[in-house]
Amino acid sequence: MKSSDTKIAFIGLGLMGVPMAKNLLKAGYQIVGFDLSKEVAAKFSDDKGFQFASTPEQAIEGANITILMLPDSSIIDAVLWGSNGPAGIASKLSKNSYLIDMSSSSPISSKENNHQLERLGIKFIDAPVSGGVKKAIDGSLAIIVGGKKEHFNELQPLLECMGKSIVHVGDAGAAHAVKALNNYVSAAGLIAASEALNAANKFGLDPHIVNKVFNASTGRNNTTENKVENFMLNDAFNSGFSLALMRKDVQIALSFIENMNCYANLAKQCVLTAKEADEKLGKGADHTAMYDYVRSRAL
Ligand code: NAD
């Protein structure tokens with residue numbers, strides 16, 4: 001599939017969607033984008049090959065590939081199938097076109113969406129990403145892919161415009177399962193590091209030195225290596241990944257683990273902590289503000 005012959009509809013142009021779409025434009029793809037927020041159109045004013053649509057239906061007209069980069073599965077289901085109003089875009093997608101859900105969605109919903117889309121003659125893959133806004137900008141995201149191997153093979157060159165490590169993990173929904181489990185493990189590391197550094201600080205220790213020790217020892221994780229100094233101990237709390245999205249991800253992971261009938265004690269605690277922090281810190285809080293929340297709490 002050559003970039004010059006491919007028209008992409010890109011729905012969901014937020015913190016991640018904008019830089020991902022820009023990397024596709026750089027590779028020569030034509031994009032018609034749609035987002036509920038009309039202001040995002042201005043972010044593409046210097047980009048050739050981009051048009052902003054006034055409805056999702058307009059964005060998908062004639063598209064060979066539709067990419068979704070939306071907050072969660074309830075929004076994706078409303079966009080695809082409609083909610084309370086006219087039906088969504090699914091029945092209007094071109095036959096034999098691809099729908100790629102790059103959001104961090106529920107694996108159970110994605111399996112069902114794949115099933116329903118197949119009946120409409122649409123090819124589905126789930127392709128959630130890891131790496132955050134910085135890696136979205138420089139095109140080095142890790143992309144996990146679920147769906148038929150032949151679909152993966154055909155779409156790999158397009159995915160390589162946005163990511164460096166592209167791994168096919170199984171059938172439709174498999175990538176969303178792996179993504180949710182990854183984000184659960186990551187959130188557990190964030191909460192553990194926040195609690196440990198807060199207690200160390202109260203004991204009179206320098207949290208910068210403690211974190212250095214973690215990074216040279218077995219407590220090292222993505223939070224201690226990349227978040228503590230850049231976003232947490234300096235009170236910046238601006239990594240670009242919201243606490244609300246982290247809460248959603250750990251909830252997806254917990255539901256998945258429970259659905260598999262597996263032990264999930266720590267996942268339950270992570271969901272509870274993420275819920276409490278999200279409610280206390282309010283809309284717009286970054287996930288690294290978990291440290292701020294932990295600091296504000298007594299035993
Ligand atoms: P975001 O909130 O910045 O962007 C979501 C965009 O979707 C917004 O611009 C919003 O206006 C738009 N939107 C919401 N409902 C819509 C609808 N019905 N129709 C059209 N547009 C709609 O979120 P983000 O940080 O870009 O994350 C997007 C997805 O990627 C989420 O599933 C998230 O979990 C995942 N993700 C985020 C990061 C990160 O670091 N931010 C990293 C990896 C994965």
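On a predicted model such as this, the values are computed, not experimentally measured, just so you know. All ligand and atom numbering here is 1-based and tracks the order in the structure. As a basis for the values below, the full set of heavy atoms in this structure was taken, side chains included, without hydrogen atoms, waters or symmetry mates.
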*Asks:* Establish, from distance only, whether the side-chain atoms of Gln251 and Ser255 form a donor-acceptor pair under 3.5 Å.
*Replies:* yes
*Asks:* Identify, by atom number and element, the atoms of ligand 1 in contact range of Val79, meaning under 4.0 Å from any of its heavy atoms.
*Replies:* 18 (N)
*Asks:* Please identify which atoms of ligand 1 are closer than 4.0 Å to at least one heavy atom of Ser103.
*Replies:* 32 (O)
*Asks:* Tell me the protein heavy atom at minimum distance from atom 12 (C) of ligand 1, and give that distance in Å.
*Replies:* Asp35 OD2, 3.2 Å
*Asks:* Among protein heavy atoms, which sits nearest to atom 13 (N) of ligand 1, and what does the distance come to when rounded to 0.1 Å?
*Replies:* Leu70 CD2, 3.7 Å
*Asks:* Calculate, to the nearest 0.5 Å, the distance between atoms CG and OG belonging to Asn226 and Ser239 respectively.
*Replies:* 10.5 Å
*Asks:* Does Lys248 have a non-hydrogen atom less than 4.0 Å from ligand 1?
*Replies:* yes
*Asks:* Looking at Arg295 and Asp292, does any basic side-chain N land under 4.0 Å from a carboxylate oxygen?
*Replies:* yes
*Asks:* For Val79, check side chain to side chain contact (heavy atoms under 4.5 Å, CB included) against everything at least two apart and list the hits.
*Replies:* Leu70, Ile75, Ile89
*Asks:* Checking a contact table here: which protein heavy atom is nearest atom 4 (O) of ligand 1, and how many Å away?
*Replies:* Gly14 CA, 3.3 Å
*Asks:* Measuring from atom 14 (C) of ligand 1, which candidate in Pro71, Ser242, Ser73, Ala244 has the nearest non-hydrogen atom?
*Replies:* Pro71
*Asks:* Give me the nearest non-hydrogen protein atom to atom 17 (C) of ligand 1 as residue plus atom name, then the distance to 0.1 Å.
*Replies:* Leu36 CG, 3.5 Å
*Asks:* Below 3.5 Å, can you tabulate the donor-acceptor pairs from side chains in residues 35-44 to any protein atom, sequence neighbours excluded?
*Replies:*
| unit_1 | atom_1 | unit_2 | atom_2 | d |
| --- | --- | --- | --- | --- |
| Asp35 | OD1 | Ser37 | N | 2.8 |
| Asp35 | OD2 | Leu13 | N | 2.7 |

*Asks:* As an exercise, identify every atom of ligand 1 less than 4.0 angstrom from a heavy atom of Gly132.
*Replies:* 40 (O)
*Asks:* Asn198 and Lys202: side-chain donor and acceptor closer than 3.5 Å?
*Replies:* no
*Asks:* Distance only, no hydrogens: is a donor on one side chain within 3.5 Å (strictly under) of an acceptor on the other, for Ser97 and Asn64?
*Replies:* no
*Asks:* Which protein heavy atom lies closest to atom 25 (O) of ligand 1, and at what distance to 0.1 Å?
*Replies:* Leu245 CD1, 3.6 Å
*Asks:* Below a 4.0 angstrom heavy-atom separation, can you tell me which part of Val40, side chain or backbone, both or neither, approaches ligand 1?
*Replies:* neither
*Asks:* Which protein heavy atom lies closest to atom 30 (O) of ligand 1, and at what distance to 0.1 Å?
*Replies:* Met69 CE, 3.0 Å
*Asks:* Under a heavy-atom criterion of less than 4.0 Å, does Gly240 contact ligand 1?
*Replies:* yes
*Asks:* Centre of Tyr293's six-membered ring, under 6.0 Å away, within 45 degrees of the axis: is that where NZ or CZ of Lys280 sits?
*Replies:* no
*Asks:* Right, does atom 34 (O) of ligand 1 have protein non-hydrogen atoms nearer than 4.0 Å?
*Replies:* yes
*Asks:* Under a 4.0 angstrom heavy-atom cut-off, which atoms of ligand 1 come close to Leu13?
*Replies:* 9 (O)
*Asks:* Going by the order shown, which atoms of ligand 1 are within less than 4.0 Å of some heavy atom of Met16?
*Replies:* 24 (P), 25 (O), 26 (O), 37 (C), 38 (C), 39 (C), 40 (O), 41 (N), 42 (C), 43 (C)
*Asks:* Can a side-chain donor-acceptor contact be found between Ser106 and His176 if the only test is distance below 3.5 angstrom?
*Replies:* no
*Asks:* May I ask you to list the atoms of ligand 1 that are less than 4.0 angstrom from any heavy atom of Phe34?
*Replies:* 19 (N), 20 (C)
*Asks:* State plainly whether the residues Arg247 and Glu276 are in salt-bridge range, i.e. N to O under 4.0 Å.
*Replies:* no
*Asks:* Nearest protein heavy-atom contact for atom 36 (N) of ligand 1: which residue, which atom, what distance?
*Replies:* Ser104 OG, 4.0 Å
*Asks:* Ignoring hydrogens and angles, tell me if any N or O in the side chain of Gln156 forms a donor-acceptor pair with the backbone of Phe152 under 3.5 Å.
*Replies:* no
*Asks:* Which protein heavy atom lies closest to atom 39 (C) of ligand 1, and at what distance to 0.1 Å?
*Replies:* Phe241 CD1, 3.4 Å
*Asks:* What I want to check is whether the side chains of Asp101 and Ser105 have a donor and an acceptor closer together than 3.5 Å.
*Replies:* yes
